[in-house]
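Right, one structure below, let's go through it.
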Protein chains: 2
Amino acid sequence: MIRVLVAEDQSAVRAGLVLILRSAPDIEVVGEASDGEQAVAQARELRPDLVLMDIQMPRLDGVSATRQVVAEGLADVLVLTTFDLDEYVFGALRAGASGFLLKNTDAKDLLEAVRTVARGEGLISPAVTRRLIAEFAAKPVREPKADPSVLDTLTRREREVLSCLGEGLSNADIATRLDMAEATVKTHVSRLLGKLELRSRVQAAVLAQELGI
Amino acid sequence: MIRVLVAEDQSAVRAGLVLILRSAPDIEVVGEASDGEQAVAQARELRPDLVLMDIQMPRLDGVSATRQVVAEGLADVLVLTTFDLDEYVFGALRAGASGFLLKNTDAKDLLEAVRTVARGEGLISPAVTRRLIAEFAAKPVREPKADPSVLDTLTRREREVLSCLGEGLSNADIATRLDMAEATVKTHVSRLLGKLELRSRVQAAVLAQELGI
DNA sequence: GTCGCGGTACATCGAAAGATGCAGTCGCGG
DNA sequence: CCGCGACTGCATCTTTCGATGTACCGCGAC
């Protein structure tokens with residue numbers, strides 16, 4: 001039995017969804033929420049297998065609610081919306097949603113989608129999939145030249161300094177932020193340059209950038 | 001009528017696919033190819049609506065063939081493979097495939113997939129979708145803060161110097177590469193720092209990185 | 001022409017960065 | 001306990017950087 005929580009602010013739509021879900025023998029609607037905060041609260045309380053989440057909701061929007069539910073590991077989230085705006089799609093997926101459906105999906109497909117996500121798989125409306133693919137393909141390939149393993153040779157302090165270098169801070173700035181003498185900052189800079197085989201803080205900053213620090 | 005080209009090196013599998021496709025009244029198999037080069041050639045010749053493309057093929061693999069077909073705008077490509085290796089999936093999608101199916105997909109879903117892609121939408125096997133989402137979500141958000149327009153205020157020489165800064169070169173290094181006195185390099189650095197409202201070459205280097213220079 | 005202006009170029013000088021030596025503090029095995 | 005090594009911290013000294021003033025050239029406006 002798949003335990004589902006329905007989060008949708010328009011009661012008419014919510015009733016329709018619940019009706020559809022109840023029609024399936026293997027699906028149980030364990031709760032309903034009419035805004036994002038309720039959705040998160042009920043997810044904590046009821047521990048459903050899956051949350052059917054609308055995006056447009058008062059108090060806490062669906063994307064934020066999704067982020068929270070996923071972050072706490074409460075349930076998988078299947079996002080449901082009327083509009084397939086890129087902003088919504090990508091926002092929801094980044095927030096950790098397992099699926100993204102448009103509301104024009106018919107009852108049969110909705111049930112199938114719920115089962116698919118409950119199986120731990122992912123699902124996206126075909127109309128949206130193409131744009132997701134396009135977005136994905138457009139992503140620059142993560143240059144693997146920046147090897148995170150070299151960071152292992154650095155001490156914690158050195159990593160902190162490196163991070164600051166990545167922001168373009170001067171030694172004095174770093175000294176203030178990390179609360180140490182400028183001379184000490186220089187020591188750390190010098191040491192990490194040696195370990196990373198770099199010749200100046202500029203190269204260190206570039207490296208920090210590539211490593212996403 | 002959806003005109004389909006089937007590209008698959010194993011003749012038994014290919015026969016099976018053709019059989020399934022022919023069973024649909026709205027789908028027509030206009031050609032078959034047993035390797036990647038044939039697939040591209042036939043796509044050029046026959047101009048199908050869609051190419052059903054296997055990944056493992058001799059002479060030219062499916063990903064490369066897909067890239068070529070898409071680049072020439074010949075047809076949409078639906079990739080079909082036995083293994084859902086990340087390498088295949090991401091490679092195929094980057095190459096411009098509109099869909100990605102596993103071979104364990106049943107006949108009904110295969111036909112539906114063909115129709116979906118032919119409609120201009122996208123389609124991905126549920127088993128693969130979740131990983132695609134994960135991969136997508138993991139991508140760092142491309143910070144748009146780096147505004148290429150600020151570069152317009154720089155002179156050619158200053159842009160050249162900025163580019164060198166992005167590589168982490170010292171003033172002496174830059175002087176050598178651009179064949180000018182170190183003092184001159186300093187002038188340019190100083191000027192571009194002013195124009196870009198930066199406080200050190202380190203920040204300039206970081207900016208150059210973000211701008212992909 | 002010649003005046004102004006933007007781009008390029010160089011020299012000087014104070015400020016910052018980087019190398020180096022050294023000291024205090026942990027934690028660990030002998 | 002003691003020695004040892006790794007980490008952190010600071011001070012001194014040389015190198016590099018960056019701001020500033022100046023000069024030359026090419027080009028369009030006057």
Side-chain angles (χ1 to χ4, degrees), chain A residues 143 145-213, chain B residues 143 145-213:
Chain A
E143 56 265 87
K145 59 185 297 189
D147 184 358
S149 70
V150 295
L151 290 182
D152 295 348
T153 64
L154 299 184
T155 67
R156 178 158 29 83
R157 220 58 173 148
E158 287 164 354
R159 271 192 294 271
E160 288 172 6
V161 171
L162 177 58
S163 167
C164 292
L165 285 179
E167 296 180 40
L169 300 182
S170 69
N171 287 338
D173 294 336
I174 299 174
T176 301
R177 178 179 302 189
L178 299 184
D179 193 34
M180 60 174 82
E182 188 180 332
T184 306
V185 177
K186 292 183 180 180
T187 304
H188 290 307
V189 171
S190 200
R191 283 174 132 63
L192 72 85
L193 288 181
K195 288 184 181 176
L196 299 178
E197 295 180 351
L198 302 175
R199 276 172 32 262
S200 80
R201 69 197 291 105
V202 181
Q203 297 181 350
V206 170
L207 182 68
Q209 279 296 110
E210 289 177 350
L211 292 172
I213 299 179
Chain B
E143 55 265 276
K145 58 186 301 186
D147 184 0
S149 71
V150 296
L151 289 182
D152 295 347
T153 64
L154 299 184
T155 67
R156 178 159 25 84
R157 221 53 173 155
E158 286 163 355
R159 270 194 294 273
E160 288 172 4
V161 171
L162 176 58
S163 168
C164 292
L165 284 180
E167 296 179 40
L169 300 182
S170 69
N171 288 338
D173 294 335
I174 299 174
T176 301
R177 179 179 302 188
L178 300 184
D179 193 34
M180 60 175 83
E182 188 179 333
T184 307
V185 177
K186 291 183 181 182
T187 304
H188 291 307
V189 171
S190 202
R191 281 172 126 64
L192 71 85
L193 287 181
K195 287 183 181 177
L196 300 179
E197 295 179 352
L198 302 175
R199 276 173 33 261
S200 81
R201 68 199 290 106
V202 181
Q203 297 182 350
V206 170
L207 181 68
Q209 279 297 109
E210 289 178 349
L211 292 172
I213 299 177

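Lettering of chains follows the sequences in order, A, B, ..., and the numbering in each one begins at 1. Keep in mind that what you see is a predicted model, and the values were worked out from it rather than measured.
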Whichever of B/Leu178 and A/Leu193 has its nearest DNA chain C nucleotide further upstream toward 5':
B/Leu178
May I ask you to check whether B/Asp173 and B/Thr176 show a side-chain donor-acceptor distance below 3.5 Å?
no
Mapping B/Leu169 and A/Glu182 to their closest nucleotides on DNA chain D, which lands nearer the 5' end?
A/Glu182
In Å and rounded to the nearest 0.5 Å, what is the NE2 to CE distance from A/His188 to A/Met180?
4.5 Å
Do B/Leu196 and B/Leu207 have side chains that get closer than 4.5 Å, going by heavy atoms?
yes
Watson-Crick or G-U wobble mate for C/dG30, both contacts under 3.5 Å:
D/dC1
Closest nucleotide among C/dG18, D/dG9, D/dT8 to the A/Arg201 side chain
C/dG18
Distance-minimising heavy-atom pair for B/Cys164 and B/Ile174:
CB-CG1, 3.6 Å
Applying the Watson-Crick and G-U wobble criteria at under 3.5 Å, what pairs with C/dG7? Answer none if nothing qualifies.
D/dC24
Within the 4.0 Å heavy-atom criterion, would you say B/Thr187 contacts the bases, only the backbone, or no part of the nucleic acid?
base
Out of C/dG7, D/dG18, C/dA11, which has the shortest distance to the side chain of B/Lys195?
C/dG7
Listed nucleotide nearest any side-chain atom of B/Ala181, set C/dG18, C/dC10, D/dC10:
C/dC10
In this structure, how many angstroms lie between the C1' atom of D/dG18 and the CD atom of B/Gln203, rounded?
13 Å
Rounded to whole Å, please give me the gap between CG in A/Leu162 and C1' in C/dG18.
16 Å
Phosphate OP1/OP2 of C/dT8 contacted by B/Thr155 side-chain N/O (<4.0 Å):
yes
Just checking B/Arg199: base, sugar-phosphate only, or nothing, at a heavy-atom cut-off of under 4.0 Å?
nothing
Contact class for A/Ala183 vs. all strands (heavy atom < 4.0 Å): base, sugar-phosphate, or nothing?
base
Dump the intermediate steps for side chain to side chain contact (heavy atoms under 4.5 Å, CB included) on A/Glu167 and B/Gln203, then the final yes or no.
CA-CA 7 Å; A/Glu167 296 180 40; B/Gln203 297 182 350; over 6 Å; no
Side-chain (B/Arg199) to main-chain (B/Leu193) donor-acceptor, under 3.5 angstrom:
no
For the pair made of CZ in A/Arg159 and P in D/dA6, what is the distance, rounded to whole Å?
16 Å
Quick one: is B/Asn171 getting a side-chain N or O under 4.0 Å of the D/dC17 phosphate, OP1 or OP2?
yes
Please check the phosphate of C/dA19 (OP1 and OP2 only) for any side-chain N or O of A/Ser190 closer than 4.0 Å.
yes
CE of B/Met180 versus P of C/dG7: gap in Å, rounded?
15 Å
Starting from P on D/dA6, measure out to NE2 on A/His188 and report it in whole angstrom.
16 Å
Taking atom P of D/dC7 as reference, at what distance in whole Å does atom CD of A/Glu160 sit?
14 Å
B/Leu198 atom CG is separated from D/dC17 atom C1', nearest whole Å, by 15 Å
Let's see if you can work this out: which of C/dA17, D/dT8, C/dA9 has an atom nearest to the side-chain heavy atoms of A/Lys186?
C/dA17
Atom-to-atom span, CZ of A/Arg191 to P of D/dC10 - whole angstrom:
13 Å
Phosphate oxygens OP1/OP2 of D/dG9: is one of them under 4.0 Å from a side-chain N or O of A/Arg157?
yes
